[in-house]
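So you know, we letter chains A, B, ... as the sequences are listed, proteins then strands, and number each from 1.
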Amino acid sequence: MRASQYLIATQKETPSDAEVISHQLMIRAGMIRKLAAGLYSWLPLGLKVLRKVEAIVREEMNRAGAQEVLMPVTQPAELWQESGRWEQYGPELLRMQDRHSRPFCLGPTHEDVITDLVRNQIRSYKQLPANFYQIQTKFRDEIRPRFGIMRAREFLMKDAYSFHTDQASLQETYDIMHKAYSAIFTRLGLDFRPVLADTGSIGGSHSHEFHVLAASGEDDIAFSTESDYAANVEMAEAIAPEGSRPSPSETMQEVATPGQHSIEQVSTFLDVPAASVVKTLIVQGDDEEAPLVALVVRGDHELNDIKAEKLHGIAAPLTFACEEQIRANLGCSVGSIGPVGLKIPVIVDHSAAHLADFVCGANRDGVHLTGVNWERDCRIDDVADIRNVVPGDPSPDGKGVLEIKRGIEVGHIFQLGTKYSEAMNAKVLNEEGREQVMIMGCYGIGVSRVVASAIEQNHDENGIIWPDALAPFQVALIPINIQKSEQVRETCEKLYTQLQERGLDVLFMDEEKARLGAMLADVELVGIPHRVVIGDRGLENGEVEYRHRRETENRTIGLNDIIEFLTKTIE
RNA sequence: CGGUGUGUAGCGCAGCCUGGUAGCGCACUUCCUUCGGGAGGAAGGGGUCGGAGGUUCAAAUCCUCUCACACCGACCA
């Protein structure tokens with residue numbers, strides 16, 4: 001491609017509303033432009049990258065035996081009413097009416113449509129298993145779109161749905177998808193981890209998220225230093241400390257702690273480590289007998305609400321008791337609560353239950369207790385895993401300890417079961433000639449988000465550094481003084497033609513008035529991996545200059561060898 | 001949804017407090033010089049000052065309403 005015929009919309013200044021580096025660089029490199037909140041146009045350069053991701057995803061999905069389809073973005077409400085999601089789905093579902101006042105929505109996902117399609121087309125177990133996918137624009141009316149393309153309202157997603165007659169078959173396809181996803185992210189050149197994930201409200205037994213590791217990620221991922229265990233912190237199991245609880249050595253005493261509420265304040269005030277203090281949280285129960293429940297974790301730990309709301313007796317979604325409820329029931333304010341003398345159920349985290357001689361609130365404002373011991377001074381009704389894991393915790397698989405890093409969720413696979421097929425009556429005849437509800441799996445990849453995550457992981461102060469598989473162009477050809485030197489012009493034209501004949505995607509910076517510095521800056525910002533600079537000075541000696549985007553020094557290469565060199569390097 | 005803040009040229013911003021009819025940098029157009037890491041000079045083009053209403057002789061500036069956008073928040077215990 002000749003730069004003179006291509007829109008290279010780079011800009012020096014960073015827009016003031018771009019927070020994360022990928023957003024800033026995508027704007028500056030001229031990949032995307034914002035149309036409205038969470039809505040972006042893709043310029044030629046950005047679209048080229050997006051298409052590359054798409055192509056790799058498509059190839060690997062086809063290789064894994066999935067069949068491509070394309071379903072409408074606009075979907076009739078009927079289907080959503082049938083699956084029950086018209087009511088369930090919140091304001092993220094953009095609803096509208098057509099000219100006949102018939103209700104429709106913009107598809108945030110396509111389970112309902114695919115289930116309808118398949119129930120009408122597939123009648124026999126002989127046609128199963130089957131896995132259909134599409135690469136399609138989705139719309140989710142996010143409360144707060146942010147980070148550019150990373151959390152946009154309209155985005156490109158690959159979604160696949162598989163159908164089965166039994167769990168074993170679903171498991172088989174699930175495993176194939178797991179492998180295909182690993183192959184995709186490996187080919188894309190990303191540092192990623194498949195992690196165990198929460199299945200959320202959808203249920204089902206198995207779910208993995210694929211995360212690209214990057215500091216700007218919105219999720220915390222825990223993984224083992226010794227094994228391939230990895231899980232979303234929401235899910236990662238905090239295993240109980242070994243051995244039995246130390247025996248009490250102190251007597252329980254009241255201490256005045258005026259105005260000290262937070263764990264940090266209390267531990268500083270009493271000069272004890274946060275790990276020797278317990279925090280007691282009061283949440284809503286789901287039983288009329290026990291409308292409130294106390295949850296106790298160690299002072300240096302955080303409650304994991306997903307784990308907590310799964311426990312018996314606790315209302316889901318997890319809801320904290322309000323100030324008035326606490327005062328009415330316990331007679332103190334938050335900040336002075338402790339397990340001693342509580343009349344409501346007390347559920348204690350493993351680590352907190354392992355403490356002896358700990359500190360806690362006295363259920364009276366401005367008073368704490370020291371030297372408190374379980375059983376002797378207060379009840380434990382239940383011990384459970386209700387905290388987030390922290391770095392250094394033992395890995396649940398017994399190998400190594402946990403480390404925590406931030407991740408960007410780029411893929412999610414899960415076993416849906418029969419949630420949709422049952423609601424929508426999607427059945428086949430099985431071997432015995434009986435009707436049977438199909439079992440489903442679903443598998444998504446955020447195609448546009450992959451582009452942003454690749455940039456989060458690959459950039460420097462000069463701009464984007466594309467992994468080879470994603471680069472919009474492979475080679476940039478940069479002439480010096482093309483408007484003056486006939487020699488430079490002819491050499492470049494010839495190289496341009498020859499490189500294209502070798503099948504390389506070349507950007508020829510052929511603009512007469514472009515200055516060297518500006519061209520180099522653009523090529524670096526845009527992130528083209530290989531660049532060749534051609535000038536009279538080098539040509540005198542039959543040489544050109546080559547530099548890889550990751551290097552800081554030029555290499556001198558013979559004019560006659562450059563074609564061969566690039567062809568070999570880029571393979 | 002709640003809190004805060006911002007809307008002035010394609011982008012980044014000043015001007016607003018203290019009303020007098022719009023400016024800077026980058027980008028863009030033309031010409032000259034320059035040309036090995038975002039050149040210099042000269043001359044230009046481009047703005048219903050987010051929108052509506054009001055106050056005033058006069059509104060980007062003051063007042064009211066409205067729209068859009070952005071940031072922060074949903075575990076203090």
Side-chain angles (χ1 to χ4, degrees), chain A residues 7-20 23-24 27-28 30 33-39 90-91 142-148 257 259-267 274 277-283 294-299 301-309 317-323 325-327 330 332-339 342 359-363 365-366 368 386-388 462-463 478-485 488 509 511-525 531 533-540 544-545 547 552 554:
Chain A
L7 180 62
I8 300 182
T10 53
Q11 53 187 50
K12 251 189 252 186
E13 280 169 299
T14 305
S16 52
D17 59 354
E19 281 185 280
V20 294
H23 187 193
Q24 294 172 0
I27 300 283
R28 289 225 291 136
R33 286 293 183 262
K34 183 165 81 172
L35 179 65
L39 304 176
E142 295 277 353
I143 322 172
R144 212 182 135 193
R146 59 182 138 177
F147 305 149
T257 50
Q260 311 299 311
H261 301 295
S262 69
I263 292 293
E264 204 190 328
Q265 289 168 344
V266 171
S267 66
V277 183
V278 301
K279 65 181 158 190
T280 308
L281 305 111
I282 309 297
V283 301
L295 301 175
V296 181
V297 297
R298 231 167 63 183
H301 288 152
E302 280 185 346
L303 181 71
N304 177 314
D305 36 3
I306 292 188
K307 290 177 181 175
E309 73 185 27
L318 192 76
T319 316
F320 285 85
C322 62
E323 184 81 44
Q325 269 180 305
I326 290 174
R327 187 155 288 283
L330 309 183
C332 66
S333 72
V334 297
S336 301
I337 309 175
L342 282 187
V359 174
C360 65
N363 298 321
D365 288 352
H368 278 73
I386 54 172
R387 69 173 173 97
N388 284 334
N462 295 320
I478 304 180
I480 298 172
N481 277 335
I482 195 172
Q483 78 283 14
K484 280 210 176 143
S485 167
V488 168
M509 307 295 279
E511 280 178 293
E512 302 260 324
K513 291 187 179 174
R515 306 178 67 86
L516 180 64
M519 287 190 283
L520 293 174
D522 275 353
V523 164
E524 281 167 4
L525 175 59
R531 85 176 190 209
V533 176
I534 295 106
D536 279 321
R537 208 184 285 170
L539 288 180
E540 305 288 309
V544 298
E545 285 160 26
R547 184 140 132 197
T552 51
N554 287 333

Sugar-phosphate, base or nothing in reach of Ile326(A), heavy atoms under 4.0 Å:
base
Okay, side chain of [X], backbone of [Y]: is any donor-acceptor separation there less than 3.5 Å?
X	Y	value
Ser267(A)	Glu264(A)	yes
Ser485(A)	Val488(A)	yes
Lys34(A)	Gly148(A)	no
Glu512(A)	Gln483(A)	no

Could you give the distance separating [M] and [N] at their [atom1] atoms, to the nearest angstrom?
N	M	atom1	result
U8(B)	G50(B)	P	6 Å
A60(B)	C49(B)	C1'	5 Å
C1(B)	U48(B)	C1'	34 Å
C62(B)	U18(B)	C1'	11 Å
A52(B)	U61(B)	P	12 Å
G51(B)	C11(B)	C1'	23 Å
C63(B)	G73(B)	P	31 Å
A22(B)	U6(B)	P	25 Å

Expressed as a whole number of angstroms, how long is the span from [X]:[atom1] to [N]:[atom2]?
X	N	atom1	atom2	value
Arg33(A)	A27(B)	CZ	P	15 Å
Phe320(A)	G73(B)	CZ	P	17 Å
Ile27(A)	A70(B)	CD1	P	12 Å
Glu13(A)	C11(B)	CD	P	11 Å
Ile337(A)	C75(B)	CD1	P	15 Å
Leu295(A)	A77(B)	CG	P	14 Å
Ile8(A)	A27(B)	CD1	C1'	16 Å
Glu511(A)	C28(B)	CD	C1'	13 Å

Now, which nucleotide makes the Watson-Crick or G-U wobble pair with [N], with each of the two distances under 3.5 Å?
N	answer
U48(B)	none
U61(B)	none
C16(B)	none
A70(B)	U4(B)
G37(B)	none
C76(B)	none

Both Pro145(A) and Ile282(A) contact RNA chain B. Taking the nearest nucleotide for each, which residue is further toward the 5' end?
Pro145(A)
First encountered from the 5' end of RNA chain B, between Phe147(A) and Lys279(A)
Phe147(A)
Which nucleotide in C71(B), C69(B), C75(B) has an atom nearest any side-chain atom of Glu19(A):
C71(B)
Heavy-atom contacts, protein to nucleotides 32-41 of chain B, under 4.0 Å, summarised as B (base), S (sugar-phosphate only) or - (none) per nt, yield --BBBBBB--
Flag the pair [X] / [Y] as yes when at least one side-chain heavy-atom distance between them is below 4.5 Å, and no otherwise.
X	Y	value
Thr14(A)	Ile27(A)	no
Val533(A)	Ile480(A)	yes
Gln11(A)	Leu525(A)	no
Val359(A)	Val278(A)	no

Arg531(A) meets the side-chain hydrogen bond (donor to acceptor under 3.5 Å, both in side chains) criterion, sequence neighbours left out, with Glu524(A)
